[in-house]
Amino acid sequence: MDTAFLRCPLAARNLAYDEFEGFNSKSCRFHPVRYLRRNPTDWKPCQKLSASPSRGWTQRVAALPDVDDFFWEKDPTPILDTIDAPIHLKNLSSKELKQLADEVRSEISFIMSRKCQPCGPGRSVVELTIAIHYVFNAPMDKILWDAGQHAYAHKILTGRRSLFHTIKQKNGLSGFTSRFESEYDPFGAGHGCNSLSAGLGMAVARDINGRKNRIVTVISNWTTMAGQVYEAMGHAGFLDSNMVVILNDSCHSLLPKADGRPKMSVNAVSSALSKIQSSKGFRRFREAAKGLAKWFGKGMHEFAAKVDEYARGMIGPHGATLFEELGLYYIGPIDGHNVDDLICVLKEVATLDSTGPVLVHVITGTENDTGGNIGSEIISNEEGPSNSSHDLLKFLETELSRTYNDCFVEALTAEAENDKRIVVVHGGMGMDQSLRLFQSNFPDRFFDLGIAEQHAVTFSAGLACGGLKPFCIIPSTFLQRAYDQIVQDVDMQKIPVRFAITNAGLVGSEGPTNSGPFDITFMSCLPNMIVMSPSNEDELIDMVATAAMVEDRPICFRYPRGAIVGTSGTLTYGNPLQIGKGEILVEGKEIAFLGYGEVVQRCLIARSLLSNFGIQATVANARFCKPLDIDLIRTLCQQHSFLITVEEGTVGGFGSHVSQFISLDGLLDGRIKWRPIVLPDRYIEHASLAEQLDLAGLTAHHIAATALTLLGRHRDALLLMK
């Protein structure tokens, strides 16, 4: 493999950092931004390029900088240092609460910047979080969050500040709310849109058990794209159970208004009206007026209801009457960064008894809600950006962390240039930046539907019925929500929808919430579905071409979200694969590895490890889980004593299909012995990807040790795992 070496202080680990002006001797940390301001030309990369004969790609090895290379000074937090539990907020003055908000925001920025992770959504709800804990009494009052990043301030204020630096690390805090982590987390949040349903269930259970605690659920405008939110609102309005729903509105939309209307704002008038709406006197007057209208008869009651709806529609923002129609009393909008207003309204709401569900509309603005990118987070800690630092950070983001998604989108864009029928439908929470390439090139052929995955699948089926070639791009974990639509609306009707399943397998710091271990199993059991997975980025490009070619049935392919070591340069088109055909990569004897997906690379490393013990193993790349390459499997079984199938999926996936075939074909009646290597029957908690693979027993060493054990060389297997 051709290599290139990055001549940059960040990657030159063998150089003495104290030779550079950006070195901080006290912390022994190198500060790249400070250094590059003084040495703007030192970071330029030097590459040895080699064009691949079969593709237009260039092979390269690049190293990401260690997070510890970055250095920031932490701001003092005198008030936050005194907060160990939400009860400690109760005696703070308004001025102290505002200072606390600044300190919490600084704490989140400091820790997440060191991890090079976005923190905008967590920073945007700091004042709201403080107001909620100031007014309500957790953990007796139940506070539920829809999104993990929105709960960062909640974690810090509920006794987990000392562990916050371990967030998303092995044995550290979860990136989401977790019932196993704290009594202040009454329900787990991950995919969004679940807090309202769970909160309503808790409210009904409270009423049945005769308790008086309050239920508060915080939802965001992103999660309101999911139908479950409106199902829960309608049910809450019907049951009329007391609960507080807070809509955290970041003023962002997947579909910006074409007419350029200004986003919703909060002024003195709307703030005063919100306080009036939430006041006990106004609510009692409104209820009394309703009762009086009923006394005059049905006609008068309906007329009064229409007047009330019209009046509230006149003074409220666009869409406010929707919540009223669903049975929730609407209050808002309120400035989400004004602690005093938030506390005033929430106090009034908390004192309302037997008035049913209330929705408080909070505008958290656009300043901190998106999180930006890693570069902007780092530069924000400096006096001002410079061209050299900006270029370096952009270089680190784009050039050194090339992912499977990048290769997929570039390949799909190339296919779309020649095939006008190709369209993209994206579903799931958040959109990978790599998809911007397709979106910018073909804006009329790109549809981002957020977490409306069910709609995304059926919408794709409709596009296919209309003669287009839809690629439905959904992360594995979010595809689970749309399984009924995959079965009924796609597979049963043999509609050629092409599913690109991203973030397949383990995903590192995101933990089990966003991991994708199940898709092999639930997609390969469908009668009409073609199921495949690439072993590397080149095969991914070929599978894009293969999917574009198939027009008589649905097809899916999965790939991990991790970075790749390999391709860059000008893309050439992929070559369609023969359906249901794998390949033998390296021939050996006695034992064979049959890998499915990216684990094939680990099988090759395992073979190299076994060669040190005098064992030459065969490594085969299955490519397809359905249909299986039965000729390849027969060959492996007939020429070897042991067959090991390897996949980054659960029981019931690729290995199960292989065992089903070899048992029915009579191959297991001969000398072949089969062993599967799959993910264990448990959720793998958040950690680095390498740590997760080790916990799951899916590293190259584990694969090689399994082979040694089968061969009866238990001592060698133990030595290998040391």
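Just so you know, these numbers come straight off a predicted model, no measurement behind them.
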- Note on the structure: With sequence neighbours left out, the residues meeting side-chain contact (heavy atoms from CB on, under 4.5 Å) with Ala592 are Thr618, Leu636, His640, Leu643
- Query: Is there any ring-ring contact (aromatic ring centres under 6.0 Å, His included) pair reaching into residues 666-714, and which pairs are they, with sequence neighbours excluded?
  - Reply: none
- Listed partners of Asp484 passing salt bridge (Lys or Arg N to Asp or Glu O under 4.0 Å), at least two apart: none
- Task: For Asp519, check salt bridge (Lys or Arg N to Asp or Glu O under 4.0 Å) against everything at least two apart and list the hits.
- Result: Arg558
- Message: Asp489: which residues meet the salt bridge (Lys or Arg N to Asp or Glu O under 4.0 Å) condition with it, sequence neighbours left out?
- Response: none
- Message: Please enumerate all residues that pass ring-ring contact (aromatic ring centres under 6.0 Å, His included) together with Phe187, with sequence neighbours excluded.
- Response: none
- Pairs meeting criterion ring-ring contact (aromatic ring centres under 6.0 Å, His included) with involvement of residues 485-507, two or more places apart: none
- Could you list the residues that satisfy side-chain contact (heavy atoms from CB on, under 4.5 Å) with Asn514, not counting sequence neighbours? Phe176, His191, Thr477, Phe478, Val507, Glu510
- Item | Residues that Tyr404 engages under ring-ring contact (aromatic ring centres under 6.0 Å, His included), provided they are two or more places apart | none
- Message: Tell me every residue that passes salt bridge (Lys or Arg N to Asp or Glu O under 4.0 Å) with Asp491, counting only those two or more places apart in sequence or in another chain.
- Response: none
- Query: Could you give all pairs that pass the ring-ring contact (aromatic ring centres under 6.0 Å, His included) test and reach residues 581-615, with sequence neighbours left out?
  - Reply: Tyr596-Phe654
- Query: ring-ring contact (aromatic ring centres under 6.0 Å, His included) with His455: which residues, sequence neighbours excluded?
  - Reply: Phe459
